Amino acid sequence: MFDTTFAVIENEKQRSELAEFYSEHKSRLYAIALSKLHNKEEAEDAVQEVFSQIADKPEKFFEVPPDYRLAYADIMLKNIAVDMFKRNNKVHVEELSEDIEDGVSPEDSLFDGIGHSEMIEFINNLPTMRRNVLMLRCFFDIPITEIAQRLKIAPATASKHLTLARKAVRDFIAERKNRL
């Protein structure tokens, strides 16, 4: 199945590198997907989707330095797994209008009127290392020592990037709150 996925990549070197990357990391990515989705078939589908997306736009994957490609694939996998989980486990919420004061939803009050897309854009614009550490820690719940190992940095450096990323998010929320 992955042979056909990789066949769409015209560059032979990239196709070979991606096949090697797949062989090296497929078991690990599957284990992560399984831990998030708790379903073997969905976990396999999530891993396949990661490589399908990479094959669709290989230039994006190969722009990432080789040492960061695994973290990049991890983040893609997490996003795909979250989307799959949400799609397959929709929860019906009853109308909460009587619990909402002055038309402000609980989510809006939590982030002081900052929209989801605005927060995502802010996080995406953080310096690369801070963004990667923040996402791996907050979304994957990966220990700081493992993040440091994956990103090939010292654990103290990873902790510092996490602290700075969290501070930036707090400052962003505070700044937006002051503007409102």
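Sequence positions, counted from 1, serve as the residue numbers for this chain. None of these values were measured; they are calculated from a predicted model.
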Asks: If you measure only the distance, is there a donor-acceptor pair under 3.5 Å linking the side chains of E44 and Q48?
Replies: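 Note: E44 and Q48 side chains miss the donor-acceptor criterion.
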
Asks: Taking ring-ring contact (aromatic ring centres under 6.0 Å, His included) as the definition, give me every residue that meets it alongside F21, ordered by chain and number, with sequence neighbours left out.
Replies: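 F21 satisfies ring-ring contact (aromatic ring centres under 6.0 Å, His included) with H25, F61 only.
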
Asks: Mind checking side-chain contact (heavy atoms from CB on, under 4.5 Å) for P143 and listing every partner two or more places apart, or none if nothing turns up?
Replies: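 Checked P143 against side-chain contact (heavy atoms from CB on, under 4.5 Å); matches are T145, E146.
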
Asks: Extract all donor-acceptor atom pairs below 3.5 Å that involve side chains of residues 151-170 and protein atoms in other chains or at least two apart in sequence.
Replies:
residue: S159; atom: OG; partner: P155; partner atom: O; Å: 3.2
residue: T163; atom: OG1; partner: S159; partner atom: O; Å: 2.9
residue: K167; atom: NZ; partner: D171; partner atom: OD2; Å: 2.7

Asks: Could you list the residues that satisfy side-chain contact (heavy atoms from CB on, under 4.5 Å) with T128, not counting sequence neighbours?
Replies: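 Applying side-chain contact (heavy atoms from CB on, under 4.5 Å) to T128 gives R131, N132.
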
Asks: Scan residues 24-34 for pairs that pass salt bridge (Lys or Arg N to Asp or Glu O under 4.0 Å), counting only residues two or more places apart or in two chains.
Replies: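 Found R28-D74.
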
Asks: Restricting to ring-ring contact (aromatic ring centres under 6.0 Å, His included), what partner residues turn up for F122, sequence neighbours left out?
Replies: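 With sequence neighbours excluded, F122 shows a ring-ring contact (aromatic ring centres under 6.0 Å, His included) to F172, given in chain and number order.
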
Asks: List the residues meeting side-chain hydrogen bond (donor to acceptor under 3.5 Å, both in side chains) with D141, not counting sequence neighbours, and say none if there are none.
Replies: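 Once residues adjacent in sequence are excluded, the partners of D141 under the side-chain hydrogen bond (donor to acceptor under 3.5 Å, both in side chains) criterion are R137.
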
Asks: Is there a side-chain contact between I32 and V47 (heavy atoms, below 4.5 Å)?
Replies: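 A side-chain contact is absent here, since even the closest heavy-atom pair is not under 4.5 Å.
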
Asks: To the nearest 0.5 Å, tell me how far N79 CG sits from Q53 CD.
Replies: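 Reported value, rounded in 0.5 Å steps: 9.0 Å.
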
Asks: Who are the side-chain contact (heavy atoms from CB on, under 4.5 Å) partners of Q14, not counting sequence neighbours?
Replies: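 Testing Q14 for side-chain contact (heavy atoms from CB on, under 4.5 Å), a comparison that skips the adjacent residues, returns I9, N11, P58, F62.
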
Asks: Run the side-chain contact (heavy atoms from CB on, under 4.5 Å) test against D83 and tell me which residues pass, sequence neighbours left out.
Replies: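 Partners of D83 by the side-chain contact (heavy atoms from CB on, under 4.5 Å) criterion come out as none, since no residue qualifies.
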
Asks: side-chain hydrogen bond (donor to acceptor under 3.5 Å, both in side chains): which pairs involve residues 29-39, sequence neighbours left out?
Replies: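 The answer is none; no pair qualifies.
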
Asks: What residues form a salt bridge (Lys or Arg N to Asp or Glu O under 4.0 Å) with E63, not counting sequence neighbours?
Replies: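 So E63 forms no salt bridge (Lys or Arg N to Asp or Glu O under 4.0 Å) with any residue.
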
Asks: Distance check, rounded to the nearest 0.5 Å: I147 atom CD1 versus I142 atom CD1?
Replies: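 Interatomic distance, I147 CD1 to I142 CD1, rounded to 0.5 Å: 5.5 Å.
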
Asks: Name all residues meeting the salt bridge (Lys or Arg N to Asp or Glu O under 4.0 Å) criterion together with K13; count only those two or more places apart in sequence or in a different chain, and write none if there are none.
Replies: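 Result, salt bridge (Lys or Arg N to Asp or Glu O under 4.0 Å) vs K13: E17.
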
Asks: Decide side chain to side chain contact (heavy atoms under 4.5 Å, CB included) for M119 and I173; before the verdict, give the C-alpha distance in whole Å, the side-chain angles of both, and the deciding distance to 0.1 Å.
Replies: CA-CA 9 Å; M119 182 60 76; I173 292 170; 3.7 Å; yes

Asks: State yes or no: do V82 and Y72 share one hydrophobic cluster built from I, L, V, M, F, W and Y residues joined by side-chain heavy-atom distances below 4.5 Å, directly or via other members?
Replies: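 No.
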
Asks: Kindly check if the number of other-residue, nucleotide or ligand heavy atoms within 6.0 Å of CD (E59) is above 12?
Replies: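 Yes.
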
Asks: For a quick test of reading the model, state the closest non-hydrogen atom pair linking A81 to L37 and the distance between them.
Replies: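 Taking A81 first and L37 second, the nearest heavy atoms are O-CD2, 3.3 Å.
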
Asks: Any side-chain heavy-atom pair from Y68 and M129 closer than 4.5 angstrom?
Replies: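 A side-chain contact under 4.5 Å exists here.
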
Asks: Output the distance between atom CD (E49) and atom CE (M84), rounded to the nearest 0.5 Å.
Replies: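 Between E49 CD and M84 CE, I get 8.0 Å after rounding to 0.5 Å.
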
Asks: Nearest 0.5 Å, what's the CD-CG distance between E42 and L34?
Replies: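 These two atoms lie 10.0 Å from each other.
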
